[in-house]
S.K.: 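Take this structure first; my questions come after.
In this chain, numbering begins with 1 at the start of the sequence shown. For ligands, and for the atoms within them, numbers begin at 1 and follow the listed sequence.
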Amino acid sequence: MAGTKAKKPSGTSSSPSTSSGSCITKWISRLAVFFLFLAGCSWLDTIKDRFYVLDPQSLHELAQAAIAAAPTPTSTSFMVDYIISNLTATYPSSTIALNHNSSEWVFNNAGGAMGAMYIIHASITEYLIIFGTPLGTEGHTGLHTADDYFNILVGEQWAFNPPNLEKEVYPAGSVHHLSRGSMKQYKMHEGCFALEYARGWIPLMLPFGFADALTSTLDYKTLYYTVIYTGREIIRNLLIFKI
Ligand SMILES: *[C@@H]1O[C@H](CO)[C@@H](O)[C@H](O)[C@H]1NC(C)=O
Ligand SMILES: *[C@@H]1O[C@H](CO)[C@@H](O)[C@H](O)[C@H]1NC(C)=O
């Protein structure tokens with residue numbers, strides 16, 4: 001069986017020695033382009049910090065203030081409105097483009113978990129969303145090129161990161177920092193909503209965000225609105241040069 005391939009005639013692609021020189025040149029230039037590309041990427045990675053507009057510490061304080069101001073611990077809509085009006089008052093529109101329409105919720109299936117999200121801000125280097133579900137969900141965090149700060153607003157998030165066999169518990173008011181390049185199993189225990197802030201290379205996170213829709217749910221409506229809202233917010237921030 002293994003021999004059948006080797007016995008096939010190699011008639012069609014005859015390569016005389018004259019073309020092998022140009023073939024080597026071709027591969028050398030391909031390698032050069034590839035290494036230039038890698039060098040460009042690592043240079044971009046060293047300067048990405050200068051594009052950040054938001055910061056994890058003040059967002060954590062804002063999440064805690066929203067929880068403290070809410071009439072009940074499950075007043076999610078109140079907390080969302082509180083966060084939007086604070087961000088709008090804090091950052092002028094010349095500094096950051098924010099999405100004020102809190103009706104723009106879309107489902108999000110990623111890493112086996114399902115919830116809904118509202119994109120507050122998205123650029124090439126940062127995003128800020130509300131993510132959660134009143135039902136609970138569980139899955140893989142994904143392996144990302146960005147640092148992720150998960151500020152719990154309502155409920156509790158659990159996480160598992162072997163070889164530590166104890167469960168990590170993140171209650172409302174706490175922040176779960178998933179550093180770039182690490183991954184965990186997580187659970188939005190019962191009902192849970194969070195203010196999620198990611199900083200790093202956002203476009204490289206998008207395949208994880210779309211994979212479940214493309215291979216499992218086939219929910220093209222959600223996919224359509226996710227692309228429209230994300231793309232629109234990234235473009236709005238590019239236009240004011242807040243990459
Ligand atoms: C926004 O929230 C932060 C954190 O709680 C607070 O320090 C700041 O004063 C608030 N800004 C406005 C304009 O409400
Ligand atoms: C807000 O989003 C909803 C849902 O997409 C849409 O129906 C509505 O027209 C939007 N409102 C504004 C002011 O853009």
S.K.: Specify the protein heavy atom at minimum distance from atom 13 (C) of ligand 2: its residue, its atom name, and the distance to 0.1 Å.
M.R.: Asn101 ND2, 4.4 Å
S.K.: Give the residue and atom name of whichever protein heavy atom lies nearest to atom 2 (O) of ligand 1, and the separation in Å to one decimal.
M.R.: Asn86 ND2, 2.3 Å
S.K.: To the nearest 0.5 angstrom, please state how far the CD atom of Gln64 sits from the CD1 atom of Ile152.
M.R.: 12.0 Å
S.K.: Show which atoms of ligand 2 fall inside a sub-4.0 Å distance from at least one heavy-atom site of Glu104.
M.R.: 2 (O), 5 (O)
S.K.: How many angstroms lie between atom CG of Asn109 and atom CG of Leu214, to the nearest 0.5 angstrom?
M.R.: 11.0 Å
S.K.: Among protein heavy atoms, which sits nearest to atom 4 (C) of ligand 2, and what does the distance come to when rounded to 0.1 Å?
M.R.: Ser103 O, 4.0 Å
S.K.: Taking Asp148 first and then Lys184, would you say they form a salt bridge - that is, a charged N and a carboxylate O separated by under 4.0 Å?
M.R.: no
S.K.: State, without any angle test, whether Thr72 and Ser75 hold a side-chain donor-acceptor pair at a distance under 3.5 Å.
M.R.: yes
S.K.: Can you sort out which atoms of ligand 2 are near Tyr229, meaning under 4.0 Å from one of its heavy atoms?
M.R.: 5 (O)
S.K.: Can any side-chain N or O of His60 pair as donor or acceptor with the backbone N or O of Ser174 at less than 3.5 Å?
M.R.: no
S.K.: Do Met117 and Val106 touch side chain to side chain, with heavy atoms closer than 4.5 Å?
M.R.: yes
S.K.: Under 4.0 Å from a heavy atom of Ala89: give me the atoms of ligand 1 that qualify, with their elements.
M.R.: 13 (C)
S.K.: Indicate yes or no: does an N/O atom of Ser58 lie under 3.5 Å from an N/O atom of ligand 1?
M.R.: no
S.K.: Please report whether the ring centroid of His144 lies less than 6.0 Å from that of Phe208.
M.R.: yes
S.K.: Is the closest protein non-hydrogen atom to atom 9 (O) of ligand 2 under 4.0 Å?
M.R.: no
S.K.: Numbering the atoms of ligand 1 from 1, which are under 4.0 Å from a heavy atom of Ala65?
M.R.: 5 (O)
